[in-house]
Amino acid sequence: MKILHLADTHIGYSAYNKLDDNSINQREVDVFNAFAQVIDYAIDSKVNLVLHSGDLFDTVRPSNRAISFAIGQLLRLSNAGIPTVIISGNHETPRLRETGSVFKVFEHIENLHLAYTGKCQTFEFGDLKVHALPHCADKELFEEELDAMKPDKKFKFNIAMLHSAVSGLAVFRMNEFNELMATDSQLNQDWDYVALGHYHEHVEVGKNIVYAGSTERFGFGQVGQPKGFVLLDLKKNKWKFHEINIRPMLDLRTIDCNGKKADDISTKIQKSIEKADLEGAIARQKLQDINRRELGLLDTGHIRKLTKDTLHFELRPATLEAGQKIASQDAAFDSLEREFVSYLDKAAVENADPKKVEALGLKYLAGGLEE
Ligand SMILES: [Mn+2]
């Protein structure tokens with residue numbers, strides 16, 4: 001039995017300003033394409049089952065375009081006779097029950113099995129039982145459901161699906177976002193495979209306990225991470241990660257600007273840009289220890305010309321520290337980080353240390369923690 005495990009497709013995500021030929025945000029289209037590539041693979045290689053471990057959509061209320069795209073792709077699987085199980089993730093689960101789930105519109109698609117009501121549901125496929133635990137709005141409920149999840153010995157194979165953090169994994173150690181967390185002992189049951197979603201980097205956290213990772217990169221924190229899906233052969237007890245082709249995202253080598261004048265820095269930026277293959281790429285140039293005056297004097301118009309073939313290019317002064325004022329003349333080339341810091345400067349932060357809020361916000365924007 002060949003099983004394809006994917007997760008965190010975030011359909012509906014969009015970013016940056018570039019549009020495609022149909023005037024649709026190019027990153028939104030990229031995310032569509034990544035998903036379609038996985039579906040193509042599933043159909044072409046005739047897998048027996050597809051498992052999606054949550055965050056199919058980027059938001060609780062996806063656009064009509066996102067919903068119709070997703071339906072179209074899921075129907076391709078359905079028409080090919082490939083059963084598919086999807087659990088809801090934190091991105092698409094409404095906090096209020098009254099909001100209702102977008103998953104409800106998929107309920108009548110043949111061969112599609114959905115778990116999105118905050119409870120573990122099981123689905124049987126011959127000698128395999130899939131135990132699918134969606135994201136829960138309530139932490140205690142999630143714990144209860146997770147504790148109750150046990151392999152069913154009447155079946156030859158048992159797979160668990162969940163969308164959560166895992167304790168013990170370095171990136172989740174702080175648990176600062178109060179996210180749902182599964183412990184090693186909860187996961188180390190007699191599962192043949194645990195199909196995880198939530199963490200965007202593909203990683204095996206324990207024997208056959210696997211994050212498929214996201215199918216696209218959603219921030220510079222994911223530079224260098226291959227993206228794709230996992231192909232699992234239950235009988236052979238083996239799985240393999242398959243990389244898909246997505247748009248390059250890169251961090252150019254950091255330029256040390258300490259004591260340097262704007263002209264000199266501009267030349268270095270130009271060389272750095274010319275050396276890299278940036279056509280169609282998403283790229284960032286970090287500027288270490290740049291003097292604020294020199295930053296304001298950089299010829300951003302020229303840099304913009306040099307990078308016109310990129311999908312997105314940003315300069316990132318690495319000296320950005322808490323409380324620093326952002327000069328308004330930089331606005332034309334502002335990164336989200338600078339925008340955020342300047343916003344915080346003006347906004348009143350209540351009941352919290354503004355510096356902590358800023359540090360946390362910048363961490364989120366770096367992409368490493370926003371799953
Ligand atoms: Mn996610």
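For clarity, every value in this text was computed on a predicted model and none was experimentally measured. Remember, it's 1-based here, ligands and their atoms both numbered in the order they're listed.
In this structure, L146 and Q186 approach most closely via the heavy-atom pair CD2-OE1, 3.3 Å. A70 and I11 make their closest contact through CB-CD1, 4.2 Å (heavy atoms, listed as atom of the first residue, atom of the second, distance). Of all heavy-atom pairs between Q285 and S272, the closest is OE1-OG, 2.6 Å.
For D8, the N, O or S atom closest to the Mn ion (ligand 1) goes by the atom name OD1. Checked against the Mn ion (ligand 1), the N, O or S atom of H200 at the shortest distance is NE2. The N, O or S atom of D55 lying closest to the Mn ion (ligand 1) is OD2.
Between R76 and D40 there is a salt bridge, since a side-chain N of the basic residue sits under 4.0 Å from a carboxylate O of the acidic one. Salt-bridge check for K154 with D152: passed, with a basic side-chain N closer than 4.0 Å to an acidic carboxylate O.
Not one N/O/S atom of H163, from backbone or side chain, sits under 2.8 Å from the Mn ion (ligand 1). Among the atoms of H10, an N, O or S atom is found under 2.8 Å from the Mn ion (ligand 1).
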